[in-house]
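Hydrogens, waters and symmetry mates play no part in the numbers below; they use all other heavy atoms, side chains included. A note on names: the letters A, B, ... follow the listed sequences, proteins ahead of strands, and every chain is numbered from 1.
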Amino acid sequence: MELINIKVIYFAVLRDLAKKKEELLSVDSGTTPQSLYDMLQEKYSFPDQNTYKVAINDNFTEWNEPLDQQDIIVFMPPVTGG
Amino acid sequence: MELINIKVIYFAVLRDLAKKKEELLSVDSGTTPQSLYDMLQEKYSFPDQNTYKVAINDNFTEWNEPLDQQDIIVFMPPVTGG
Amino acid sequence: MNHFIISEDEINIVEFNKQFKNPNAGAISSFQGIVRNNNLGKDVLRLEYQSYDRLAEKEGGNIINEALETFDIKSAYCTHRTGTLEIGDIAVVVIVLAGHRDDSFKACRYIIDEVKLRVPIWKKEIYQNGDSGWLKGAG
Amino acid sequence: MNHFIISEDEINIVEFNKQFKNPNAGAISSFQGIVRNNNLGKDVLRLEYQSYDRLAEKEGGNIINEALETFDIKSAYCTHRTGTLEIGDIAVVVIVLAGHRDDSFKACRYIIDEVKLRVPIWKKEIYQNGDSGWLKGAG
């Protein structure tokens with residue numbers, strides 16, 4: 001299977017658990033935000049993402065959207081600004 | 001009939017029509033804000049007071065409240081602050 | 001300190017804000033009423049406000065106290081100008097400090113609404129064309 | 001000019017106010033979210049805000065535009081801090097200029113409510129006792 005290069009940026013509790021702001025990953029070309037999160041959840045003990053949102057390249061997107069080469073992915077816990 | 005000395009203070013359109021800020025008057029002891037206004041309306045061509053309020057000695061009061069010696073009366077058109 | 005003030009002096013919103021600090025307050029709602037250059041289709045040059053000062057401060061203080069009793073807020077303040085005001089001048093300012101935003105908004109709105117209904121202050125508009133007149137009010 | 005800004009710099013409410021003058025605006029509603037010394041029964045020492053800046057400014061801009069379309073207002077602005085904030089610091093400020101007060105209040109409330117729901121910013125509380133934690137949010 002073909003591999004694609006992506007970047008994941010971490011914020012808030014995910015940054016604390018991953019102990020990094022971002023990382024470059026090579027993943028299978030069929031990877032979605034959902035399957036990526038499942039993999040990272042196992043790696044870093046991330047919380048369940050039921051209430052999370054996800055963005056690809058600075059746009060909110062769906063969890064089953066296939067990732068492309070060079071995509072930047074951000075997983076977002078419920079926001080708490082203000 | 002006994003006379004009492006009162007002061008009337010004018011604001012807004014009433015001040016413009018009376019051409020004074022205030023005046024001292026001697027009126028019959030049975031005078032009420034209503035009868036006082038009627039008299040002043042004739043003297044200065046004041047508007048009808050249907051929507052006006054009245055205060056005696058810095059307290060809102062009724063139009064049929066009898067006036068006392070030294071009372072200070074203020075007639076108030078609908079307010080337009082803000 | 002009276003929390004409702006009638007003043008002939010220009011309202012300095014910066015200084016006004018500085019006075020009100022409270023480490024328990026997470027929300028500050030404020031409202032400023034500004035002299036506009038138009039009203040009801042007429043070009044306004046400036047305004048003149050007259051106030052029955054003593055009753056205005058008493059009734060304004062009642063309104064502040066009602067807000068403190070009705071809403072979960074820490075404190076509330078209102079200042080209203082009198083005299084001659086130019087376009088862009090602040091005619092009235094309300095500031096409310098609360099723990100949370102919902103009550104800060106509601107109390108701020110309550111205060112300005114009641115001030116405009118109940119506090120004996122009157123506004124004369126002086127128009128570009130030389131005319132002028134006392135506004136009629138809602139009554 | 002983007003009307004929703006994420007900034008690491010201290011929000012100067014005075015300078016922020018000065019930027020917004022409009023001779024048609026008779027009403028200015030504003031809201032400030034302030035760092036409180038307590039939350040949910042815990043003594044707060046300071047806060048740390050993180051923001052996904054690019055999406056935050058985009059989504060914040062959407063909210064401002066929605067307010068401009070929905071309410072009869074002249075303009076609206078919002079700035080949100082990131083980084084370390086101390087008690088009493090302004091975390092977020094919203095300012096809305098309108099012809100009349102009703103829409104200024106409604107738009108101001110709309111903007112702060114939507115910002116708190118939708119803009120990707122996260123808050124960590126550092127407590128007096130040394131503990132700290134990211135808030136859980138409404139989700």
Side-chain angles (χ1 to χ4, degrees), chain C residues 11-18 20-41 43-47 74 85-113 115-116 123 125 128, chain D residues 11-18 20-41 43-47 74 85-113 115-116 123 125 128:
Chain C
I11 297 176
N12 183 328
I13 188 70
V14 179
E15 291 303 315
F16 193 81
N17 270 314
K18 270 192 204 156
F20 311 114
K21 288 276 178 190
N22 183 327
N24 293 311
I28 300 179
S29 285
S30 73
F31 177 81
Q32 298 169 56
I34 310 288
V35 179
R36 277 185 303 154
N37 63 4
N38 68 88
N39 189 31
L40 304 173
D43 291 330
V44 175
L45 188 63
R46 61 176 184 274
L47 293 186
K74 307 291 182 189
L85 276 74
E86 308 292 334
I87 308 300
D89 282 354
I90 302 172
V92 57
V93 56
V94 179
I95 185 164
V96 175
L97 282 70
H100 301 279
R101 74 185 181 288
D102 189 51
D103 281 88
S104 77
F105 272 102
K106 286 177 179 162
C108 189
R109 181 68 194 260
Y110 177 83
I111 291 167
I112 187 63
D113 284 354
V115 165
K116 288 174 77 94
K123 174 162 50 183
E125 291 183 336
Q128 296 276 9
Chain D
I11 296 176
N12 183 327
I13 188 69
V14 180
E15 291 303 315
F16 193 80
N17 270 315
K18 270 191 204 156
F20 311 114
K21 288 276 179 191
N22 183 330
N24 293 309
I28 301 180
S29 285
S30 73
F31 177 80
Q32 298 168 56
I34 310 288
V35 179
R36 278 185 303 155
N37 62 4
N38 67 88
N39 189 32
L40 305 173
D43 292 329
V44 175
L45 186 62
R46 61 176 185 275
L47 292 186
K74 308 289 184 188
L85 276 74
E86 308 292 334
I87 307 301
D89 282 355
I90 303 172
V92 58
V93 56
V94 180
I95 184 163
V96 175
L97 281 70
H100 301 279
R101 73 187 182 288
D102 189 51
D103 281 90
S104 78
F105 272 103
K106 286 177 180 163
C108 189
R109 182 67 195 262
Y110 176 82
I111 292 167
I112 187 63
D113 284 356
V115 165
K116 288 173 77 93
K123 174 161 54 181
E125 291 184 336
Q128 296 275 8

Inter-chain contacts: residues 100-107 of chain C against chain D, heavy atoms under 4.5 Å: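 H100(C), R101(C), D102(C), S104(C), F105(C), listed by number.
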message: Checking an interface table here. Which of residues 85-98 of chain C come within a heavy-atom distance under 4.5 Å of chain D?
response: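 From residues 85-98 of chain C, the residues near chain D are I87(C), G88(C).
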query: Can you say whether A27(D) sits under 4.5 Å from chain C via the side chain, the backbone, both, or neither, judging by heavy atoms?
result: both
Structural part of N39(D) lying under 4.5 Å from a heavy atom of chain C: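 For N39(D), neither part sits under 4.5 Å from chain C.
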- prompt: If you count heavy-atom pairs under 4.5 Å between each of D113(C), N38(C), V35(C) and chain D, which one has the most?
  reply: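 Top count of heavy-atom pairs under 4.5 Å with chain D: D113(C).
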- prompt: When only pairs under 4.5 Å are counted, which of V44(D), N24(D), I112(D) shares the most heavy-atom pairs with chain C?
  reply: N24(D)
- request: Any chance you could measure Q32(D), atom CD, to S30(C), atom OG, to the nearest 0.5 Å?
  value: 6.5 Å
- request: Kindly compute the distance separating CZ (R36(D)) from NZ (K74(C)), expressed to the nearest 0.5 Å.
  value: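 Between R36(D) CZ and K74(C) NZ, I get 7.5 Å after rounding to 0.5 Å.
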